[in-house]
Enquirer: 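This is the structure I want to talk about, given as structure tokens.
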Amino acid sequence: MRTELHPVVREGRFWNDEWVHDTAVWGWAYAQRPDHLAIRLADHCVAGRAASTLVLTTHRLAVVIETSLLGEPTPEPGDEPETGRGILGKALTLAKSFRSDEGGDDKASRSEAPVVATLWETPVNAIRGFRPLDKGRSVSVVEYLVIDFVDGSVLEFAAPHVSQDTQHIDKCFQRLSSPDPTAPPIQPR
């Protein structure tokens, strides 16, 4: 039995938001090339899965994850034991030794705050703007936060309180003077 594609799909007459109501899809990235910022950001969010957190500061946008969730890296076959660990493993070892020097190795002396590692980051001047976007074809729309990057790429992801989030982002960045006077200001769209 041969199945035909529906003319809407075959002719490309869809809205590009068919994925919005699929709970397995948390967002969508648009870019011309795989090295554009939206794609790189989405890749690192997916790599960290639900354990990753998107962090925006006045200097950077980053994907972070608790180091306790990273586990120990496995050595590559053929590597020597002392050099078989990757750079992340070496950094974690250094962080552990620093923590043990500072406060001892017992759990009582450790801080309650989790230690995080940065999976990916970019300076805020690589971001053109943030904007809310309602998507979907049902009565209850799905709220998305859109990040527009200066390289032309775009990341849209589900954010339940996007209106308040974008207002807060706008207020925070209006108070700051740009560290790079040639950088375009972050603008709501």
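All of these numbers come straight from a predicted model, not from anything done at the bench.
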Enquirer: Hydrophobic clustering (ILVMFWY, side-chain heavy atoms < 4.5 Å, transitive) - are Leu54 and Val116 grouped together?
Expert: no

Enquirer: Please tabulate, for side-chain N and O atoms in residues 39-48, each donor-acceptor pair with protein atoms closer than 3.5 Å (sequence neighbours left out).
Expert:
from  : atom 1 : to    : atom 2 : distance (Å)
His44 : ND1    : Arg40 : O      : 2.8

Enquirer: Can you give me the closest heavy-atom contact between Arg131 and Asp148, atom names plus distance?
Expert: NE-OD2, 2.8 Å

Enquirer: Could you state whether Val154 and Tyr144 fall into the same hydrophobic cluster, counting links through intermediate Ile, Leu, Val, Met, Phe, Trp or Tyr residues with side-chain heavy atoms under 4.5 angstrom apart?
Expert: yes

Enquirer: Measure the CG-CZ distance between Leu155 and Phe149 for me, rounded to the nearest 0.5 Å.
Expert: 6.0 Å

Enquirer: Kindly indicate, with the supporting measurements, whether the criterion side-chain contact (heavy atoms from CB on, under 4.5 Å) is fulfilled by Leu61 and Glu121.
Expert: CA-CA 6 Å; Leu61 176 68; Glu121 68 180 43; over 6 Å; no

Enquirer: Just how far is it from atom CD1 of Ile147 to atom CD1 of Ile169, taken to the nearest 0.5 Å?
Expert: 7.5 Å

Enquirer: side-chain contact (heavy atoms from CB on, under 4.5 Å), that's the test. Do His36 and Tyr30 meet it? Break it down for me.
Expert: CA-CA 9 Å; His36 279 174; Tyr30 302 91; over 6 Å; no

Enquirer: Grouping I, L, V, M, F, W and Y whenever their side-chain heavy atoms are under 4.5 Å apart, do Val64 and Leu37 come out in a common cluster?
Expert: no

Enquirer: Of all the heavy-atom pairs spanning Ala29 and Ala38, show the shortest one and how long it is.
Expert: CB-O, 3.9 Å

Enquirer: Where do Arg60 and Val124 come nearest, in terms of heavy atoms and distance?
Expert: N-CG1, 3.4 Å

Enquirer: Checking Thr166 side chain against Pro132 main chain: does a donor-acceptor pair fall under 3.5 Å?
Expert: no

Enquirer: In terms of hydrophobic clustering (I, L, V, M, F, W, Y; side-chain heavy atoms under 4.5 Å; direct or indirect links), are Val25 and Leu133 co-clustered?
Expert: yes

